[in-house]
Amino acid sequence: MASEPVARAVAEEVARWGAMRQTGVSLRYMMEFGARPTERTLLLAAQFLHKELPIRIARRALDLDSLPFGLSTKPAILKVKDWYVESFREIRSFPEVRNQKDELAFTQMIKMIRVRHTNVVPAIALGVQQLKKDLGGPKAFPPGIHEIHQFLDRFYMSRIGIRMLIGLINTKMSPMTVARIASEDARAICMREYGSSPDVDIYGDPGFTFPYVTPHLHLMIFELVKNSLRAVQERYMDSDKLAPPVRIIVADGAEDVTIKISDEGGGIPRSGLSRIFTYLYSTAENPPDLDGHNEGVTMAGYGYGIPISRLYARYFGGDLQIISMEGYGTDAYLHLSRLGDSEEPLP
């Protein structure tokens with residue numbers, strides 16, 4: 001554990017770097033720059049990240065210090081801040097990147113930092129749950145509580161920007177393949193929780209590809225399919241009828257790639273539709289706790305699946321729409337914009 005003078009010095013350095021101006025990078029530039037990587041371009045990228053990442057990471061650490069309603073003091077939030085401060089220290093302690101050997105070592109460190117931050121979203125979601133519990137539940141929420149939702153949208157949007165800088169764009173991503181893998185992962189969670197799972201039928205052109213970020217699409221489809229499987233499973237688990245499959249349709253449009261996920265899980269009451277896109281809403285009565293870095297994925301509980309999926313879609317100019325027919329089922333429309341056309345800098 002760092003001594004008080006060391007901790008104070010680190011805090012001062014975080015504040016100094018967090019006040020610096022970040023450099024905007026567009027998706028088009030990233031795709032053109034990374035299309036044909038060479039030793040020189042890899043070295044230039046590492047040198048840029050060596051200077052840029054401390055600014056962006058320091059800003060996120062400072063954001064976590066200024067959360068409303070005491071959210072900054074929750075154990076899960078303090079854990080996340082520790083991750084950001086540790087990553088900041090590691091990058092600032094790394095010597096200047098001068099050659100290929102330095103670039104390889106820097107890249108390896110960045111990979112480890114990316115792994116460290118894998119559970120930021122569920123950890124923050126747990127902090128929100130801890131706050132909700134302390135406040136006495138949704139009925140006791142004080143006025144202005146939805147400031148938290150606005151903060152989290154900004155925080156997660158900036159986090160996506162950081163992960164884009166240290167991640168990969170797949171120029172020939174197959175949405176059919178991603179849908180199949182995400183569905184299999186969601187069905188495995190459903191099987192673990194309920195002992196069985198509805199089928200998932202996928203329709204579309206298996207040869208169709210377009211530029212996108214594979215982990216982002218996997219997360220969106222996984223969360224939406226997981227919700228659909230849970231709804232169908234719980235509606236039919238005590239029924240003599242065979243549970244109907246969840247259906248996924250992938251369509252290649254002139255403007256968007258659209259993925260429709262449909263279920264017959266009974267739908268969502270109209271009064272609840274406005275709440276499903278907030279981080280303060282969860283369909284589970286007793287959300288599971290998080291313990292350590294390897295949190296298990298559950299069918300429901302943290303309340304971030306749908307809002308974070310919409311945020312991922314909107315980050316690249318797309319959107320997520322939920323249409324429900326109470327008493328029948330729900331259709332989720334995931335609209336995805338093709339990457340590479342945007343000149344707008346990443347948040």
Side-chain angles (χ1 to χ4, degrees), residues 25-38 41-42 45 107 110-111 114 118 121 156-157 159-189 199-229 245-263 305-306 308-322 331-347:
V25 183
S26 71
L27 286 169
R28 173 178 288 183
Y29 179 80
M30 287 180 62
M31 291 182 68
E32 291 175 351
F33 189 84
R36 296 176 181 84
T38 63
T41 58
L42 290 173
T107 300
I110 292 300
K111 288 180 180 178
R114 186 179 176 89
T118 297
V121 174
Y156 290 144
M157 190 72 83
R159 177 179 180 269
I160 295 171
I162 293 174
R163 294 181 78 80
M164 282 296 302
L165 289 176
I166 60 177
L168 294 172
I169 298 173
N170 186 346
T171 58
K172 294 184 178 180
M173 187 201 68
S174 166
M176 291 286 288
T177 298
V178 177
R180 177 180 55 79
I181 295 172
S183 298
E184 289 173 355
D185 291 345
R187 291 192 75 240
I189 302 299
D199 291 332
V200 179
D201 297 337
I202 306 175
Y203 305 91
D205 178 5
F208 166 60
T209 64
F210 76 110
Y212 210 74
V213 182
T214 302
H216 291 187
L217 182 59
H218 180 280
L219 178 145
M220 291 184 280
I221 295 178
F222 172 78
E223 290 293 342
L224 294 169
V225 171
K226 180 163 64 74
N227 287 348
S228 289
L229 290 174
V246 172
R247 294 178 176 84
I248 301 177
I249 301 173
V250 179
D252 175 19
E255 183 174 325
D256 288 336
V257 175
T258 301
I259 300 176
K260 177 184 177 183
I261 300 171
S262 302
D263 67 61
I306 291 179
I308 204 75
S309 296
R310 184 172 69 171
L311 202 64
Y312 270 90
R314 287 182 170 180
Y315 184 86
F316 299 116
D319 207 352
L320 170 63
Q321 296 175 308
I322 305 289
D331 293 336
Y333 291 86
L334 195 54
H335 303 285
L336 308 173
S337 296
R338 290 171 174 80
L339 304 190
D341 297 328
S342 175
E343 296 285 0
E344 292 294 320
L346 299 175

Item to complete: Indicate yes or no: at least one non-hydrogen side-chain atom of Thr209 is less than 4.5 angstrom from one of Thr177.
Response: no
Discussion item. Do Ser174 and Lys172 have side chains that approach each other closer than 4.5 Å (heavy atoms only, starting at C-beta)?
Written reply: no
Worksheet item: Atom CE of Met157 and atom CD1 of Ile308: how far apart are they, to the nearest 0.5 Å?
Response: 9.0 Å
Worksheet entry | Rounded distance (nearest 0.5 Å) linking atom CD1 of Ile249 with atom CG of Leu334 | 13.5 Å
Item to complete: Indicate the ring-plane relationship of Tyr212 and Phe210, choosing parallel, tilted or perpendicular according to the 30° and 60° boundaries.
Response: tilted
Item to complete: Starting at CE of Met176, measure out to CD1 of Ile202 and round the result to the nearest 0.5 Å.
Response: 6.0 Å
Worksheet item: Hey, what do you get for OG (Ser309) to NZ (Lys226), rounding to the nearest 0.5 Å?
Response: 9.0 Å
Discussion item. Could you check, using the six-membered ring where one of them is a Trp, whether Phe316 and His216 have ring centers closer than 6.0 angstrom?
Written reply: yes
Item to complete: Quickly, which of Leu229, Val225, Leu224, Val246 forms a side chain to side chain contact (heavy atoms under 4.5 Å, CB included) with Asp263? Name it, please.
Response: Val246
Worksheet item: Do Arg338 and Val257 come close enough that some side-chain heavy atom pair is under 4.5 Å?
Response: yes
Discussion item. Return the CD to CZ distance between Glu223 and Arg310, rounded to the nearest 0.5 Å.
Written reply: 14.5 Å
Item to complete: Might you work through the salt bridge (Lys or Arg N to Asp or Glu O under 4.0 Å) test for Asp201 and Arg247, ending with a clear yes or no?
Response: CA-CA 5 Å; Asp201 297 337; Arg247 294 178 176 84; 5.0 Å; no
Worksheet entry | Salt bridge Arg187-Glu184, side-chain N to carboxylate O under 4.0 Å | no
Discussion item. Any non-hydrogen side-chain atom of Val213 less than 4.5 Å from a side-chain atom of Pro215?
Written reply: yes
Practice prompt. To the nearest 0.5 Å, tell me how far Ile322 CD1 sits from Tyr333 OH.
Written response: 10.5 Å
